[in-house]
*Asks:* 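Here you go, one structure.
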Amino acid sequence: MAVPVLWSGDLTETLDFYRTLGYTVTHEQTRPYAYGAVQANGCAVHFAAAPAGTELPAEQVGCLIMLDDVAERHRAFTAALRKRYGKVPAKGSPRITRFRPGQSRFSVVDPVGNTIIYIQRDEPEEVEYSGSRKLDGLARVVDNARILRDFKNDDATAIRVLEVGLGRFGAQASPLDKARALAALAELAVATGNAERAATARAELRAIALSDTERAAVAADLSAATDLADWLAETD
């Protein structure tokens with residue numbers, strides 16, 4: 001069994017943050033040195049002070065935690081953070097990253113800047129970071145943007161990938177692939193605060209002739225932008 005040890009910062013503040021998320025504090029000491037530990041669902045995380053003179057980065061990946069219920073855990077954490085802070089902290093430290101249906105991971109950044117990535121246990125082991133090789137054209141572009149958005153939290157690059165992909169493959173792409181690309185672009189535009197581009201992407205999508213089956217297939221992708229806007233309205 002391996003137990004991650006992260007930087008403690010202000011130990012009291014750090015442990016209180018994890019209490020908010022539902023963790024139980026199992027150890028807390030300030031002398032002869034600061035050290036703390038929390039545990040939830042059999043998974044422990046420990047905290048120790050950085051060596052004297054060490055300048056910590058603003059944020060750093062602390063550890064990965066594998067879950068069987070990543071969506072439910074995100075819902076629980078979001079509710080707890082909203083209750084504690086009045087809004088869901090989505091910027092700075094602490095914060096929680098957004099989550100959409102079908103996503104398999106999210107991150108929590110604590111007050112010290114430690115980042116814990118919570119991952120669905122059955123997430124595919126091999127991720128095609130340049131889009132699935134089973135896809136081509138605009139479909140592969142959309143998959144690449146998904147990876148950038150969900151796995152790397154790189155919204156800006158995901159937007160560029162979609163814009164370039166639409167310019168390169170949009171004319172010959174199927175209506176469904178083009179609609180999915182525009183839906184993804186609308187969500188990312190909402191995430192980055194570009195309401196005008198989000199509205200344009202929605203308008204372009206509505207102008208595409210889709211069958212009832214195709215429109216139903218893209219409905220969840222399009223509603224993700226609306227859901228995200230609602231979620232962001234509850235954040236800082």
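Just so you know, residue 1 is the first one in the sequence shown, and it goes up from there.
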*Asks:* Could you check whether any side-chain heavy atom of L182 comes within less than 4.5 Å of a side-chain heavy atom of L166, counting everything from C-beta outward?
*Replies:* yes

*Asks:* Taking atom CG of D212 as the centre, report whether more than 12 heavy atoms of other residues, nucleotides or ligands fall under 6.0 Å from it.
*Replies:* no

*Asks:* Can you hop from V218 to L135 via hydrophobic side chains spaced under 4.5 Å?
*Replies:* no

*Asks:* Using 4.0 Å as the upper bound for N to carboxylate O, is an ion pair formed by R140 and D136?
*Replies:* no

*Asks:* Ignoring hydrogens, what is the shortest heavy-atom contact between M66 and Q120? Give both atom names and the distance.
*Replies:* CE-O, 4.1 Å

*Asks:* Once side chain to side chain contact (heavy atoms under 4.5 Å, CB included) is applied, do any residues pair with A195, and if so which ones, sequence neighbours excluded?
*Replies:* none

*Asks:* List the residues meeting side chain to side chain contact (heavy atoms under 4.5 Å, CB included) with A40, not counting sequence neighbours, and say none if there are none.
*Replies:* Y23

*Asks:* Is there a continuous path of hydrophobic side-chain contacts, each under 4.5 Å between heavy atoms, that joins F99 to I96?
*Replies:* yes

*Asks:* Tell me, with the steps shown, if R75 and T78 meet side chain to side chain donor-acceptor pair (under 3.5 Å).
*Replies:* CA-CA 5 Å; R75 282 192 291 270; T78 297; over 6 Å; no

*Asks:* Using the side chain to side chain contact (heavy atoms under 4.5 Å, CB included) criterion, which residues pair with D150? Sequence neighbours excluded.
*Replies:* R100, Q103, R146

*Asks:* Scan for salt bridge (charged side-chain N to carboxylate O under 4.0 Å, His left out) pairs involving residues 188-206, sequence neighbours excluded, and state none if there are none.
*Replies:* E163-R197, R197-E204

*Asks:* Show the atom names and distances, to 0.1 Å, of all donor-acceptor pairs under 3.5 Å that link a side chain in residues 41-48 to residues at least two apart or in another chain.
*Replies:*
residue: H46; atom: ND1; partner: Y35; partner atom: OH; Å: 2.9

*Asks:* Can you check side-chain contact (heavy atoms from CB on, under 4.5 Å) on D110 and T14, steps first, answer last?
*Replies:* CA-CA 7 Å; D110 70 15; T14 298; 4.2 Å; yes

*Asks:* Could you tell me whether D16 and R84 make a salt bridge, using a distance below 4.0 angstrom between a side-chain N and a carboxylate O?
*Replies:* yes

*Asks:* Under the side-chain contact (heavy atoms from CB on, under 4.5 Å) test against N153, which residue among T115, T97, L148, I117 passes?
*Replies:* T97

*Asks:* According to a hydrophobic-cluster definition based on side-chain heavy atoms being under 4.5 Å apart (Ile, Leu, Val, Met, Phe, Trp, Tyr only), do V38 and L6 belong together?
*Replies:* yes

*Asks:* How many angstroms lie between OH in Y18 and CD in E13, if you round to the nearest 0.5 Å?
*Replies:* 11.5 Å

*Asks:* Just verifying a value: how many Å separate L15 CG and T20 OG1, rounded to the nearest 0.5 Å?
*Replies:* 11.0 Å

*Asks:* Test of understanding: clusters of I, L, V, M, F, W, Y form through side-chain heavy atoms closer than 4.5 Å, transitively. Do V161 and I159 belong to the same one?
*Replies:* yes

*Asks:* Please verify the inter-ring angle class for F17 with Y85; under 30° counts as parallel, over 60° as perpendicular, anything in between as tilted.
*Replies:* tilted

*Asks:* Tell me, which pairs form a salt bridge (charged side-chain N to carboxylate O under 4.0 Å, His left out) where one or both residues lie in residues 22-33, sequence neighbours left out?
*Replies:* R19-E28

